[in-house]
Amino acid sequence: MPPQVQHSTSDLPHTSPSNTSSLTDLTSSEKATFEEYPKPYILKKCIALLLSCATTSRYKLRQVHAFSIRHGVALSSPDMGKHLIFTLVSLAGPMSYAQKIFSQIQNPNIFTWNTLIRGYAESENPSPAVGIHRQMLVDSVQPDTHTYPFLLKAIAKMIAVREGERVHCIAMKNGFESLVFVQNALVHFYGACGRAESALKLFEKMSEKKNLVAWNTLINGYAMNSRPNEALTLYREMGLEGVKPDGFTLVSLLTACAELGALALGGRAHVYMLKVGLDKNLHVANALLDFYAKCGKIREAERVFDEMEEKSVVSWTALIVGLAVNGFGERAIELFNKLEEEGLVPSEITFVGLLYACSHCGMVVKGFAYFERMKKEFGIVPKIEHYGCMVDLLSRAGLVKQAYEYIQKMPLPPNAVIWRTLLGACSIHGHLNLGELARDQLRILEPKHCGDYVLLSNLYASERRWGDAHKIRRTMLKEGVKKVPGHSLVELGNSIHEFVMGDKSHPQTEEIYAMLAEMTRLLILEGYVPHTVNVLADIEDEEKETALSYHSEKIAIAFMLINTPPRTPIRVVKNLRICADCHLAIKLVSKVFEREIVVRDRSRFHHFRDGTCSCRDYW
DNA sequence: GTAGGGTTAG
């Protein structure tokens, strides 16, 4: 390659104030080093030195590049290119630039290939890593022990199952599958793709003593795939094997506890963290904050946040979302204002949380204002999630027609979640035509989703069109669509108890049903009138009479009323959204039994106290 | 220069 080749700096991010290639932004000592030794061998060192200072300033990166071009030496040796790519990748620089440098290096060595793959694996768009691996094989470059961990990381990020399996085979053929780094990368890959069984199989095949990373990878695979119980079981096994948990383990543990609403277990993890000093770890503290918020302990979440020595945007975002789902929309917005005052930059996820807060509190105008600011002031291109929030914002407020018009005008094609939001709103606010329309779209996008059938059937039922409601039920049976059974979890002592609708499997069943009868009797005295519309469509005639006592959250509450001291709070975690009848009943239970009851349903929290709910019947 | 982490609309 000729040494005087011209390079463009246009690939670098345009965050700098100007396009000058002068060194004015460098410190005087940096400048001195630069001007003093413009020889290639020393320039290499200068570049490394400068780039290591440049973590906070992409501007410097650009200057370094421009400077090296001026001296016509930057890429004249493979060694220099190798160094530049490595530093760029380490600083999460733009991959287009790294790729350009790479293409101008003659005979790149394996280190450089690996660095390029690593760069893509750690970037926003990891897919080119696969092509690079292929090119390596075409060029007869032998991958080494570092190649596969990097490559698998990229593939795991892409959730490309087939590709990963192919690479798994190639790695095996090359004899790399016995390497612990490759094995752990494979466990991670299978976990990330939702193939927990394959991950477990690989894990079990690993040599006798599994290291901490292997355990963490596997546990995280289960925690991230909505299998918290298995994650906790593995966590216990790990302890039995004498492996001590670290920060990574605790993040997975807290994630699992958050999903289960396992407050006591997570609380013990908190104590452990304090003991070993892991409460100072940013990732763990964020997971702890999120855990408390997801358990309805918003005070605790705020305390964790306040006491954090180091906070990131993730910490702020987690608390904003936490406040929003717990029904404290105003406080979520206050927190966002404070974030702005502190000069921090909200991420696109922060805006999801903020819009979510507006939508859960009925602040339609505010929501639209923030959406505009997000685009104009923060330059964030709205993703489908953001549009989802907007549709939800209109839907929850009962503006179903406007929500439909909004969907039609969106620049992105609506996905199943969007249509489901609309369908849900239709079934609450009674818009049969739009509901059927949404349902037609859902039949194309996700034909076997059981919740949609239930929503439409409830919609028909609320219009008293029993024939249509039953037709939906029959279609479900015919098409083999299985209804996900509603279940409720409660934590008593050290264990989690799970109840499903009409559950009779618990050892205390007799007492529970006696309590349910007593509850119903007292509630009727309080003027409780069963709100039966939705339930009626779901069950057969002979069950109608008793079915109302059978919803899993009621069974769970009866169980807790029996087994916990008077006046202590009861907390329930439910997998589906709470129905109107249960909502009304639990409000009254909180009054009659003088209990604070916290129910986390699929979409938000309900804090029941003295006959009212924190959602103000807005959900 | 090799593997694992936290926040996301229903």
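Predicted model, so just to flag it, every value in this text is computed and none were measured. Residue numbering restarts at 1 for every chain, and letters A, B, ... go by the order of the sequence lines.
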Query raised in the report: Do any side-chain nitrogens or oxygens of A:His188 fall under 4.0 Å of OP1 or OP2 in B:dT2?
Result: no

Requested in this report: Looking at every strand, decide which applies to A:Ile320 at a 4.0 Å heavy-atom threshold: base, sugar-phosphate, or nothing.
Outcome: nothing

**Report entry** N/O (side chain, A:Arg420) to phosphate O (OP1/OP2, B:dA9) under 4.0 Å
**Finding:** no

Query raised in the report: Quick check: are there more than 12 heavy atoms from other residues, nucleotides or ligands sitting under 6.0 Å from NZ of A:Lys375?
Result: yes

Query raised in the report: Across the strands shown, which category fits A:Thr217 at heavy-atom distances under 4.0 angstrom: base, sugar-phosphate, nothing?
Result: sugar-phosphate

Requested in this report: Please report the C-alpha distance between A:His133 and A:Tyr148 in whole Å, then the side-chain angles of each, then the deciding distance to 0.1 Å, and finally whether the ring pair (Phe, Tyr, Trp, His ring centres under 6.0 Å) criterion is met.
Outcome: CA-CA 9 Å; A:His133 174 241; A:Tyr148 289 105; 5.6 Å; yes

Requested in this report: Between B:dT7, B:dA9, B:dA3, spot the one nearest the side chain of A:Phe150, thanks.
Outcome: B:dA3

Query - A:Leu423 CG - B:dA9 P separation (whole Å) - result: 19 Å

Requested in this report: For A:Ile384, report the nucleic acid contact type (base, sugar-phosphate, nothing); a contact means any heavy atom under 4.0 Å.
Outcome: base

Query raised in the report: Choosing from B:dG5, B:dT8, B:dG1, which nucleotide comes nearest the side chain of A:Asp144?
Result: B:dG1

Query raised in the report: If you check every side-chain atom of A:Thr317, which of B:dT7, B:dG10, B:dG1 has the closest atom?
Result: B:dT7

Report task. Measure the distance from CG on A:Leu186 to C1' on B:dA3 and round it to the nearest whole Å. Result -> 10 Å

Requested in this report: From the options B:dT8, B:dA3, B:dG10, select the nucleotide whose nearest atom is closest to the side chain of A:Asn211.
Outcome: B:dA3

Query raised in the report: Which part of the nucleic acid does A:Val284 contact within heavy-atom distance under 4.0 Å: base, sugar-phosphate only, or nothing?
Result: base

Requested in this report: Just compare B:dA3, B:dG1, B:dA9 and give me whichever is closest to any side-chain atom of A:Ile418.
Outcome: B:dA9

Report task. Under 4.0 Å between any heavy atoms, over every strand shown, what does A:Thr145 touch: base, sugar-phosphate, or nothing? Just pick one. Result -> base

Requested in this report: Under 4.0 Å between any heavy atoms, over every strand shown, what does A:Ser312 touch: base, sugar-phosphate, or nothing? Just pick one.
Outcome: base

**Report entry** Among B:dT7, B:dG10, B:dA3, the nucleotide that comes nearest once only the side chain of A:Val213 is considered
**Finding:** B:dA3

Query raised in the report: What is the distance from CE of A:Met410 to C1' of B:dA9, rounded to the nearest Å?
Result: 11 Å

Query raised in the report: When all nucleic acid strands are considered with a 4.0 Å heavy-atom cut-off, which category describes A:Asp452: base, sugar-phosphate, or nothing?
Result: nothing

Requested in this report: Could you tell me whether A:Asn109 contacts a base, only the sugar-phosphate backbone, or nothing, with contacts defined as non-hydrogen atoms closer than 4.0 Å?
Outcome: nothing

Query - Pairs flagged by ring pair (Phe, Tyr, Trp, His ring centres under 6.0 Å) wherever residues 379-405 of chain A is involved - sequence neighbours left out - result: A:Phe371-A:Tyr387

**Report entry** Residue A:Val352, side-chain heavy atoms: nucleotide from B:dT8, B:dA3, B:dT2 that is nearest
**Finding:** B:dT8

Query raised in the report: Has A:Tyr356 got a side-chain N or O lying under 4.0 Å from the OP1 or OP2 atom of B:dG10?
Result: yes

Query - Test item: A:Pro245 and A:Met273 side chains (from C-beta on) under 4.5 Å apart, heavy atoms - result: no

**Report entry** A:Thr217 and A:Asn220 side chains, donor-acceptor separation under 3.5 Å
**Finding:** no

Query raised in the report: Do A:Pro143 and A:Leu137 have side chains that get closer than 4.5 Å, going by heavy atoms?
Result: yes

Report task. Round to the nearest Å and state the distance from A:Leu282 atom CG to B:dT7 atom C1'. Result -> 11 Å

Requested in this report: Describe the nucleic acid contact of A:Gly424 in one word from base, sugar-phosphate, nothing, applying a heavy-atom distance below 4.0 Å.
Outcome: nothing

Report task. Answer yes or no for this row: A:Phe248 ring on B:dG5 base, centroids under 5.5 Å, planes under 30°. Result -> yes

Report task. Looking at every strand, decide which applies to A:Lys294 at a 4.0 Å heavy-atom threshold: base, sugar-phosphate, or nothing. Result -> sugar-phosphate

Report summary line: Considering only heavy side-chain atoms of A:Lys153, the closest of B:dA3, B:dT7, B:dG1 is B:dA3

